[in-house]
Amino acid sequence: MDNCGASDGSVQKRDVIRVGTRKSQLARIQTDSVVEMLSKRFPTARFEIVAMATTGDKILDTALSKIGEKSLFTKELENALEKNEVDLVVHSLKDLPTSLPPGFTIGAVCKRENPYDAVVFHPKCTVKTLEGLPQKCVIGTSSLRRAAQLKKMFPHLEFRDIRGNLNTRLKKLDDREEFSAIILATAGLRRMGWENRIGQILSPDECMYAVGQGALAVEVRAKDQDILSMVSALQDPQTVLRCIAERAFMKRLEGGCSVPVAVNSVIEDSQLYLTGAVYSLDGSDYLKETMQTSICSPLEDVEGPNDDVQHVGITALGVPRAALDAAEHLGTQLADLLLSQGAREILVVARQLNDSR
Ligand code: DPM
């Protein structure tokens with residue numbers, strides 16, 4: 001008799017668990033890795049992957065920051081979730097808005113990869129640091145966040161939009177003489193198996209990362225207790241606390257992928273540290289602060305289980321409620337501090353300038 005594996009009998013009742021994904025190669029790789037982790041923990045469950053093209057995949061010629069739509073990569077997948085065509089969907093957390101539509105939740109945030117940005121140089125480029133590149137070299141990025149920080153740090157360089165999925169961008173870099181280098185997330189490059197193309201990983205002093213960068217999120221129907229409890233096996237408590245703080249910061253600032261907002265978070269000795277910043281488009285004007293909170297929870301979690309509680313769209317079963325609350329509060333407080341120093345004005349101007357480009 002096959003009696004090995006999953007302790008969760010309820011999930012076993014479904015013959016197949018359907019997993020939705022975007023069609024890009026990176027999305028497929030990310031989804032495969034989540035399915036592999038789930039299969040290890042639930043060896044008798046059967047998974048089927050359903051791939052779909054989203055609006056974000058279809059509009060390849062416009063910079064992300066110019067397409068106001070927040071749910072660019074998520075809407076089609078959420079429709080499929082809602083209609084029970086799929087049971088869970090894998091996303092890069094950084095592509096998920098800080099508020100999900102009602103009925104959905106992020107049931108797991110997996111252990112974070114390296115969240116920092118990396119520089120990929122043109123094959124003919126012998127210099128392997130941004131600092132060392134000659135005057136006026138052109139760097140490709142469509143991220144306002146990356147461009148703002150790097151313009152401030154490396155004023156001798158020029159920055160230009162580059163769009164398309166990772167494969168397209170790398171090809172645009174290699175096949176043309178237009179760009180000396182492009183900036184991409186280290187996590188994405190590693191997952192694609194292109195780590196050998198990384199010339200330099202940017203430190204947080206040079207370029208802080210985007211909210212949620214480097215972490216995979218599993219989106220589910222908020223009421224689907226069986227699937228919620230299954231995916232919660234993938235939850236990484238430290239990653240989830242850091243990402244809740246980061247998302248709360250973004251939410252209070254009313255940011256999105258169309259504003260230059262950056263973060264850096266660290267957990268050390270039960271303290272969660274969050275650094276957050278907002279920039280003008282050219283990086284000349286900016287505000288940056290760090291705050292911390294204790295995430296050491298009392299032994300008894302007075303508030304009881306958190307099945308029904310979301311923190312910035314995340315349901316973190318198994319993580320102490322007090323720590324989740326503290327993380328969310330940290331992000332909100334840090335945003336309030338920056339808002340009191342004039343962050344809204346910086347973001348309003350950045351948004352207007354970007355819209356009129
Ligand atoms: C978001 C941004 C970018 C992606 C904006 C930003 C980069 C866009 C660009 C919100 N989503 O980072 O400031 O460079 O024009 C994206 C990537 C990954 C998830 C690729 C990348 C992979 C890494 C991860 C696109 N979304 O950033 O190089 O899982 O975090």
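Just so you know, these numbers use all the heavy atoms, side chains as well, and skip hydrogens, waters and symmetry mates. Note that ligands are numbered from 1 as they come in the structure, with each ligand's atoms numbered from 1 the same way.
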Q | Flag if over 12 foreign heavy atoms under 6.0 Å of NZ, Lys223 | A | no
Q: Could you tell me if any non-hydrogen atom of Arg169 lies under 4.0 Å from any atom of ligand 1?
A: yes
Q. With a cut-off of 4.0 Å, which atoms of ligand 1 are near a heavy atom of Ser142?
A. 15 (O)
Q: Name the orientation class of the two ring planes belonging to Tyr286 and Tyr279 (parallel below 30°, tilted from 30 to 60°, perpendicular beyond 60°).
A: parallel
Q | Sidechain-backbone polar pair: His156 side chain, Leu133 backbone, donor-acceptor under 3.5 Å | A | yes
Q: Using a strict cut-off of 4.0 Å, indicate which atoms of ligand 1 neighbour a heavy atom of Ser92.
A: 19 (C), 24 (C), 29 (O)
Q | Subset of ligand 1 atoms that lie under 4.0 Å from at least one heavy atom of Leu26 | A | 22 (C)
**Q.** Location of contacts on Lys94 toward ligand 1, heavy atoms closer than 4.0 Å
**A.** both
Q | side chain to side chain contact (heavy atoms under 4.5 Å, CB included) between Asn165 and Gln25, worked out | A | CA-CA 9 Å; Asn165 60 35; Gln25 190 186 351; over 6 Å; no
Q) In terms of atom number and element, which parts of ligand 1 are under 4.0 angstrom from non-hydrogen atoms of Ala210? A) 12 (O)
Q | CG (Asn196) with more than 12 external heavy atoms under 6.0 Å | A | yes
Q) Looking only at heavy atoms of Arg191, does any of them come nearer than 4.0 Å to an atom of ligand 1? A) yes
Q.
Which of the numbered atoms in ligand 1 are under 4.0 angstrom from any heavy atom belonging to Leu184?
A. 28 (O)
**Q.** Under 4.0 Å to a heavy atom of Arg145 - the qualifying atoms of ligand 1, by number
**A.** 6 (C), 12 (O), 13 (O)
(Q) Can you tell me which portion of Arg163 lies within the under-4.0 Å heavy-atom range of ligand 1? Options are side chain, backbone, both, or neither. (A) neither
Q. So do Arg22 and Glu76 actually touch side chain to side chain, heavy atoms under 4.5 Å?
A. no
Q.
Between ligand 1 and Gly212, is the shortest N or O to N or O distance under 3.5 Å?
A. no
Q) With distance as the sole test, does Arg169 use its side chain to make a donor-acceptor pair with the main-chain N or O of Gly164 at under 3.5 Å? A) yes
Q: Indicate whether any N or O donor in one side chain lies under 3.5 Å from an N or O acceptor in the other, for Asn264 and Tyr116.
A: yes
**Q.** Close N or O approach (Gly214, ligand 1; < 3.5 Å)
**A.** yes
